[in-house]
Each structure stands twice: as structure tokens, then as C-alpha cells.
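To keep things clear, I will list the structure first and then write my remarks on it.
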2 protein chains.
Amino acid sequence: MSLRHALLGLLAHGPASGYDLTRAFDGSIGRYAWQAGHSRIYPELAKMAEAGQVVVEETGPRGRKTYALTADGHTELRRWMLHWPEQTSVRDETVLRMFLVQSLEPDDARKLLEGIAAHCAAEIENLRPVMEADDAEHTPGDPLPFGRLAGEYGLRQYEAVHGWALWSLERLGSAQPATRA
Amino acid sequence: MSLRHALLGLLAHGPASGYDLTRAFDGSIGRYAWQAGHSRIYPELAKMAEAGQVVVEETGPRGRKTYALTADGHTELRRWMLHWPEQTSVRDETVLRMFLVQSLEPDDARKLLEGIAAHCAAEIENLRPVMEADDAEHTPGDPLPFGRLAGEYGLRQYEAVHGWALWSLERLGSAQPATRA
DNA sequence: AGCCCCATGTAATTGGTTACATGATTGC
DNA sequence: GCAATCATGTAACCAATTACATGGGGCT
């Protein structure tokens, strides 16, 4: 039931509407961690309200409902964050592809790994300046901007995959033709 | 529909029964990439057979059915592997927790990050000797053992998360009491 | 007036989990 | 003979995606 915890976690940052939360899932949380669309988010918020984990703090124009965490919601979020089960739920198409690289012919595998390496390099080029700009504005001692840790995670993630792809290319070797000369 | 591709990828390694495939998902593919239980795998194999991507190559004792990839199955696997869509499906509880570290009070966040760092360190201690033993047995020039690239990915993954957790702890600082002295 | 975005919801279908159900073979 | 494991399946329920549906408000 992690969608609920994702919502609790996002609301811990501050009150938000279903619409706001939907847009949050369009960002990096949806790209790297957990996806959700509005048609799932609205009913879940309703259930959470029923369970007393959130409340409608304010209603705005166009029927906008701004939800806020309750004490119970906070408690549940904290419990979930600190209570790490043995088996966590994973379903990641990208990682799946990496696990299956060796199911391809060596030539295809090389092509794929080269694509991955290039893609990671591009993302790193993209992310690093954003992080550095963030850090330049930040006064030491102040609390970190929300999302800074997640951003750093993403960056290091790409660096790791990049390194892995290069290592794999080297390991596969360029001298493994499917057809012998 | 990635379960199908996971199955195609596993079958590319060699023919297997639904039972064999179920056990494969209990291993690292299920831990890091994609989870599936037998109740989903059996019907999916049946559908894949109907679609001509796999065939029952052999029936054994206890009604065991050994499935093998067809040419169509191979083609579909290759298409999926080399055709990387913009938006891939992700749902990872562990990454979600990392994204939400900043929703905790600093003291809790530190506790969590310390736990993550320790856990990664332990996994690295576990994995590295396995990889090294694998490599020691391996003659250069031979094709890599199946799963070697995936294993390396896992190891580098843990190293990246470990580094991230330590960096985050440093960034959070130890001098950020929730209550002022 | 008209367009775009804000904003919320429901319905139908597919994908996934948990529980139910059954039985054969192997090894002791 | 008995236990463990091999082996396959279905049913009920829950989660998620895609499509349908509606309308208000801000801006030009």
C-alpha cells in the first residue's frame, strides 16, 4: 500500500490538493520511485481522510480541496519510514532490462550498453549543474532544500549505471563476433 | 506488460517450466527488478503460448511443462530490449523511502540513513566475494556467466547508495537539534 | 467570447496478490 | 508409509491504467 505512504510523505512537506500531488508524481518521484495518476490519487486521498490520516484543511475555487496531514498521518508515515520490511515491493522496467542484457546477442548487448552509457552521461550533464546551483544558493547550517537528497541520489544513480555500462562493455569485449570470420 | 518480457528474457537463457521461472523470481531478479508469483506466471505462460511466443517443448512427470522460446518470442524480446520508451514503469518502495527521507525529523532521518549505510555495507561484504570467486574461475575470452552483469550492477548499486547515505548524513549535519538547547 | 489550465471525479479493464485447491514423485 | 518438494492451476480481492465525463476560473 505504498501509494498511501508516498502521499503521506509528500504532504509532510506541506498541505496540497489532489491536483498538486498529481503534478508531483509527474516529476522525479514518478520517474524514479513511484508512479500514480490522478484517478488513483483522488480515491486514495478520500480513503485516507476517512481513516483520519489527512483532513481537508481548506476548500478553494473549482472545488479545490487542500489536504493536510493529521497527527495520525504523521505517525503512520514515520512508522513506515523507520520500519523496513525484509521484502519490499519492486517493479522497475529499467532494472529489468539491465538484468536481461545477457539475453541478447553480444552485438545487440553492446549496442544497448552504449546507449545506456550515453543516456546516463547526458542525464549527469543535466543534473550536475542544477545541484551545483542549488548548493551555491544554500547557506551552510540552514536546512537542506526539499528534494536535495533525492536529487543527489538520482545523480549518483546515473553515475553508478554509467560506470556499470562501461565496465560491462569492457567485460563483454569487442572481439566476440556472433559469426566467425 | 513487462512480466511477459521478464519471462521471455529468462527463457532466452534456456527452456524452463513455470515452476523453474517462479523460483527464478525468488532470486535477485525478484529482489531488485521485477516480482511475480506463480499464480501470475502460469496464466501468462499460457497466453504467451497462445500468442506463439513460447511452446511447450516437453512434458515431464507431475504434468511438468517445459517452455521454450519461439522465433517470434525472440523477436519480441529483442524489440523490447532495444526499444527504450521515454517513460518506463517504476514502482520501487526502497527508492520511494529515499525520496521521502526529508519528510522525517532530522533525528529520524539520521537514524534511517545510518541504517541504510550499515545495510549496504553488509550487502557489499556479502556480494563482493561472490563476484570475485566467479571471476577467478572465469577464463578470459569465454562468454561471461549468466547473471554476472546483473551481479555487478547490484554491487555498484549498493556502493552508490552507501556513498549517498554517508554524504547525506554529512549534509544533514549532527548539529540540527529539533529542540533548541 | 473563447481557450487553456485547474480541478475533481467515475467506469471499465488489466495486472497483481493472497488464498484456495489438488495431486504426483522422490528420498528416506 | 511419510514428509518434503515438485508442479500446476483457479478464485476472490485489491491496485493501477486508460478512458470517459464534467465543469469552474483566469486570461486575453
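Source: prediction; values computed, not measured. The chains referred to below are lettered A, B, ... by the order of the sequence lines, with proteins before strands, and numbering in each begins at 1.
For A:H5, the ring-ring contact (aromatic ring centres under 6.0 Å, His included) partners at least two apart in sequence or on another chain are A:W80. With sequence neighbours excluded, the residues forming a ring-ring contact (aromatic ring centres under 6.0 Å, His included) with A:H38 are A:Y42, listed by chain and number. Qualifying salt bridge (Lys or Arg N to Asp or Glu O under 4.0 Å) partners for A:E44, counting only residues two or more places apart in sequence or in other chains: A:R4, A:R40. Here A:D20 pairs with A:R23, A:R64 under the salt bridge (Lys or Arg N to Asp or Glu O under 4.0 Å) rule; sequence neighbours left out. Remark: A:W34 pairs with no residue by the ring-ring contact (aromatic ring centres under 6.0 Å, His included) rule, at least two apart or across chains. Scored by the salt bridge (Lys or Arg N to Asp or Glu O under 4.0 Å) test, A:R91 finds no partners at all (sequence neighbours excluded). The side-chain hydrogen bond (donor to acceptor under 3.5 Å, both in side chains) test applied to A:T75 returns no partner, not counting sequence neighbours. For A:K47, there are no salt bridge (Lys or Arg N to Asp or Glu O under 4.0 Å) partners two or more places apart in sequence or in a different chain.
In this entry the distance linking CG of A:D92 with C1' of D:dA16 reads 17 Å, nearest Å. Whole-Å rounding puts the A:W34 CH2 to C:dG16 P distance at 12 Å. Taking atom OH on B:Y42 and atom P on D:dT10, their separation rounds to 12 Å, with Å as the unit. Put simply, NZ on A:K65 is 8 Å from P on C:dT8, counting in whole angstrom units. Atom pair B:M1:CE and C:dG16:C1' shows a separation of 15 Å (rounding to whole Å applied). In this structure, CZ of B:R40 is placed 14 Å from C1' of D:dC13, rounded to the nearest angstrom. Between B:E58 atom CD and D:dA7 atom C1' there is a gap of 14 Å when expressed in whole angstrom units. Look at CD on B:Q35: it is 13 Å from P on D:dA16, rounded to the nearest Å.
At a non-hydrogen distance threshold of 4.0 Å, nothing from residues 4-27 of chain A comes into contact with DNA chain D. Within a heavy-atom distance below 4.0 Å of DNA chain D, no residue of residues 43-57 of chain B is found.
Dashed line: the shortest gap from a side-chain N or O of A:R91 to OP1 or OP2 of C:dT17 is under 4.0 Å. For the pair B:R64 and D:dA7, the criterion of a side-chain N or O lying under 4.0 Å from OP1 or OP2 is met.
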Sugar-phosphate or base contact per nucleotide [nucleotides 20-28 of chain D; S, B, -; heavy atom under 4.0 Å]: ---BBS---

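The environment of B:R148 atom CZ is dense: over 12 non-hydrogen atoms of other residues, nucleotides or ligands sit within 6.0 angstrom.
B:T88 and A:T94 share a donor-acceptor pair across their side chains, judged by distance under 3.5 Å alone.
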Which atom pairs, donor and acceptor, lie under 3.5 Å between side-chain atoms of residues 115-126 of chain A and protein residues at least two apart or in another chain?
unit_1	atom_1	unit_2	atom_2	d
A:H119	NE2	A:E123	OE2	3.4
A:E123	OE2	A:R31	NH2	2.8

